[in-house]
Participant: 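After the structure tokens below, expect a handful of questions from me.
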Amino acid sequence: LGQEAKMKQIPTFTIGDRVAMSPAFLRSIHDFSHASATQRGHVTHVSSVYQDRTLVQVQWSDGHVSKSLNVNLIHEVQS
């Protein structure tokens, strides 16, 4: 894939978006716990590290904060 095609595949998030951990990511690390699959949060900060890498900060519903989470590990959920 060319650089332009790779950039189109990167998920985009804005502050306030509701998110959850990606089911594909959880399966890849063999995390089948109910807690991980149902955890919800919202994006509090977005930063582009490189052209092809975007990190977000997520405030989870349990109070935990993920400070540098790759956007490929999460997906947007409906309210």
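Treat the numbers as computed from the prediction; the structure is a model and nothing was measured.
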Participant: Please determine whether residues Leu73 and Phe32 belong to a single hydrophobic cluster, defined as Ile, Leu, Val, Met, Phe, Trp and Tyr linked transitively by side-chain heavy-atom distances below 4.5 Å.
Facilitator: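 Leu73 does not cluster with Phe32.
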Participant: With sequence neighbours left out, write down each residue that passes side chain to side chain contact (heavy atoms under 4.5 Å, CB included) with His64, or none if nothing qualifies.
Facilitator: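 Testing His64 for side chain to side chain contact (heavy atoms under 4.5 Å, CB included), a comparison that skips the adjacent residues, returns Trp60, Asp62, Ser66.
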Participant: Restricting to side chain to side chain contact (heavy atoms under 4.5 Å, CB included), what partner residues turn up for Gln57, sequence neighbours left out?
Facilitator: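 If we apply the side chain to side chain contact (heavy atoms under 4.5 Å, CB included) test to Gln57, skipping adjacent residues, the hits are Thr44, His45, Val65, Lys67.
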Participant: Would Arg53 and Ser48 count as a side chain to side chain contact (heavy atoms under 4.5 Å, CB included) if you check the C-alpha gap in whole Å, the side-chain angles of each, and the deciding distance to 0.1 Å?
Facilitator: CA-CA 6 Å; Arg53 180 101 11 124; Ser48 293; over 6 Å; no
Participant: Can you name the closest pair of heavy atoms from Leu55 and Ser68 and give their distance?
Facilitator: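 Closest approach of Leu55 to Ser68: CD1-CB, 4.0 Å.
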Participant: Check the pair Gln78, Arg18 against side chain to side chain contact (heavy atoms under 4.5 Å, CB included), reporting the backbone distance first and the verdict last.
Facilitator: CA-CA 7 Å; Gln78 300 299 318; Arg18 289 189 34 87; over 6 Å; no
Participant: Report all side-chain donor-acceptor pairs from residues 20-28 shorter than 3.5 Å, counting only partners two or more places apart or in another chain.
Facilitator:
{"residue": "Ser22", "atom": "OG", "partner": "Ala24", "partner atom": "N", "Å": "3.3"}
{"residue": "Ser22", "atom": "OG", "partner": "Phe25", "partner atom": "N", "Å": "3.4"}
{"residue": "Ser28", "atom": "OG", "partner": "Phe25", "partner atom": "O", "Å": "2.7"}

Participant: Side-chain contact test, heavy atoms from C-beta onward, threshold under 4.5 Å: evaluate it for Val56 versus Ile74 and give yes or no.
Facilitator: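 The answer is yes; the side chains approach within 4.5 Å.
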Participant: If you define the side chain from C-beta out and look only at heavy atoms, does anything of Thr12 sit under 4.5 Å from Thr54?
Facilitator: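 Of all side-chain heavy-atom pairs linking Thr54 with Thr12, none is under 4.5 Å.
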Participant: Might you point out which heavy atoms bring Val46 and Val43 nearest each other, and give the distance in Å?
Facilitator: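 Closest heavy-atom pair between Val46 and Val43: CG2-CG1, 3.7 Å.
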